[in-house]
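Heads up: the structure comes next, in structure tokens.
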Amino acid sequence: MTRSTWNSRLGFIFAAAGSAVGLANIWRFPFVVGDNGGAVFILVYLLCLIFIGFPVFMAEVLVGRATQGNPATAFHKLGKTKMWKWLGKGVILTGFIVSAFYSAVAGWVAGYLGEAFLGRLSNFTTPGQVAEHHEALLANPIWGLSVHFLFLALCTWVLFSGVKRGIERSNRILMPMLYVILGVLLVRGLTLPGALDGLSFLLSPDWNELTPQLFLIALGQSFFTLSIGQGTMITYGSYLDKKENVLTSCIPVVLLDTVVSLVSAVVVFTIVFSVGMTPDSGPSLLFQTLPLVFSQLPAGGLLAILFFLLVFFAAVTSEISAMEPLVAYIVDEWKWSRKWAVMLTSFGVFLVGIPCALSTSLLKDWTLFGWTPLELMIFIGSSILIPLGGFFAVILVGWVWGVNKSLKEMKEGAGSTFERYPKLPGYFALCFRYTAPILIAIILMNALGIFTWHA
Ligand code: PHE
């Protein structure tokens with residue numbers, strides 16, 4: 001059986017951008033910026049992106065493209081030992097865990113989209129009312145399970161149709177719609193009275209917030225948002241044809257992802273400031289602050305629908321990408337048909353997602369170290385396993401496969417790009433070998449409490 005590929009470079013760009021742009025851009029980025037000093041955070045975030053996030057992204061796509069294999073096969077081919085194969089399997093497991101908690105949380109977004117369509121998100125008058133509505137939904141186990149199920153069922157259906165017809169096509173439709181909705185919301189935000197207050201908060205740095213902790217948060221954000229460290233970009237890279245230019249396929253993805261994060265922050269800040277509120281309420285920003293804001297704006301009901309539609313599309317295209325590494329593994333290694341591989345993956349994701357989906361209701365007292373199953377899985381997945389996955393990918397490329405061979409792979413299909421920019425190899429060699437692995441090791445040790453770095 002010949003391996004699936006994208007129709008074109010554009011197919012990869014759409015799919016990889018669809019994967020990258022998700023809850024982390026539209027929901028998490030604005031509140032993390034709001035909580036961590038506005039422009040200072042953005043600055044540190046951009047630095048993390050240039051020296052760690054982007055190189056790791058490139059490393060993963062190269063590993064995939066060079067081997068044309070799922071993460072386990074890919075790590076094995078380049079690392080040559082059994083240990084690397086196991087590490088590759090570990091990376092696939094990370095993707096599986098991410099898919100499970102992501103589906104539970106994205107399920108809430110799907111449920112909120114339903115609420116928006118029913119006109120229930122735009123007639124609140126007090127913060128107490130929104131909180132009560134939110135808590136009532138989350139405390140209902142049937143609601144939690146059904147939205148998890150429905151969201152996953154939709155993703156399963158997309159994955160069923162294959163790489164080109166399912167993943168590529170859905171991204172080609174959903175991503176442009178997402179940009180249009182984001183554009184409409186941006187214009188709405190910027191034309192609201194008081195929008196300037198939001199912008200000036202976003203653009204004026206609060207240097208007191210510049211702590212080592214801030215670097216850690218920025219790094220974690222950049223990994224999660226770029227979908228690296230858990231096999232997605234290795235797998236999407238493996239569907240990229242050898243004649244395509246890896247560099248110019250990856251740069252637009254990272255740029256798009258960054259632009260969507262920044263624009264989302266502008267949208268949220270201008271809208272929230274226009275009604276005299278502040279976007280520093282943490283995760284409840286999406287489900288509580290915004291519905292209250294929509295209640296006070298003209299045509300708020302419509303804005304609520306548009307906004308949750310935007311977040312929903314972004315979540316679908318990310319979830320399918322988190323599941324694809326395991327699907328690819330089952331197809332490649334066990335020689336199952338794609339349909340059965342998708343069925344098994346979805347079933348597993350559904351089961352493991354159940355405790356997450358019930359973490360705010362039936363299982364809310366089932367805690368370990370004070371964390372519910374959902375919080376625990378988010379912590380293990382995004383603060384430990386994802387940085388580990390990125391670390392091993394970049395060690396593999398920088399030290400085992402080697403900078404020379406990886407640069408050769410990067411040049412294949414790249415035409416004259418490298419002649420035009422002669423400094424590129426030096427930058428990648430530096431990042432692959434030193435800046436990325438060293439800085440990732442620092443965040444990891446910090447997350448594990450092996451060493452804590454205080455300002
Ligand atoms: N990048 C996605 C987001 O920003 C999340 C994601 C992580 C998707 C890892 C796939 C893999 O929401």
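Order of appearance sets the numbers: ligands from 1, and atoms from 1 within every ligand.
- Ion pairing between a basic and an acidic side chain is recognised when a charged N comes within 4.0 Å of a carboxylate O; Glu409 and Lys242 show such pairing.
- Residues that satisfy the ring pair (Phe, Tyr, Trp, His ring centres under 6.0 Å) test with Trp86, not counting sequence neighbours, are absent from this structure.
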Tell me which donor-acceptor pairs under 3.5 Å the side chains of residues 12-29 have, and how far apart each pair is, sequence neighbours excluded?
| unit_1 | atom_1 | unit_2 | atom_2 | d |
| --- | --- | --- | --- | --- |
| Ser19 | OG | Ser227 | OG | 2.8 |
| Ser19 | OG | Ser321 | OG | 2.7 |
| Asn25 | OD1 | Gly22 | N | 2.9 |
| Asn25 | OD1 | Thr225 | OG1 | 3.0 |
| Asn25 | ND2 | Thr225 | OG1 | 3.3 |
| Asn25 | ND2 | Asp257 | O | 3.0 |
| Asn25 | ND2 | Asp257 | OD1 | 2.8 |
| Asn25 | ND2 | Ser261 | OG | 3.0 |
| Trp27 | NE1 | Pro283 | O | 3.0 |
| Arg28 | NH1 | Gln221 | OE1 | 2.6 |

Quick one: table the atom pairs, ligand 1 N or O against protein N or O, below 3.5 Å, distance rounded to 0.1 Å.
| unit_1 | atom_1 | unit_2 | atom_2 | d |
| --- | --- | --- | --- | --- |
| ligand 1 | 1 (N) | Ser19 | O | 3.2 |
| ligand 1 | 1 (N) | Ala20 | O | 3.1 |
| ligand 1 | 1 (N) | Phe224 | O | 2.9 |
| ligand 1 | 1 (N) | Thr225 | O | 3.1 |
| ligand 1 | 1 (N) | Ser227 | OG | 3.0 |
| ligand 1 | 4 (O) | Ala20 | O | 3.0 |
| ligand 1 | 4 (O) | Ala24 | N | 3.4 |
| ligand 1 | 4 (O) | Asn25 | OD1 | 3.3 |
| ligand 1 | 12 (O) | Leu23 | N | 2.9 |
| ligand 1 | 12 (O) | Ala24 | N | 3.1 |
| ligand 1 | 12 (O) | Tyr102 | OH | 2.5 |

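- With Ser383 contributing its side chain and Ile380 its backbone, the two residues share no donor-acceptor pair below 3.5 Å.
- With sequence neighbours excluded, the residues that form a salt bridge (charged side-chain N to carboxylate O under 4.0 Å, His left out) with Glu115 are Arg120.
- No salt bridge links Glu168 with Arg9; every basic N to acidic carboxylate O contact stays at or beyond 4.0 Å.
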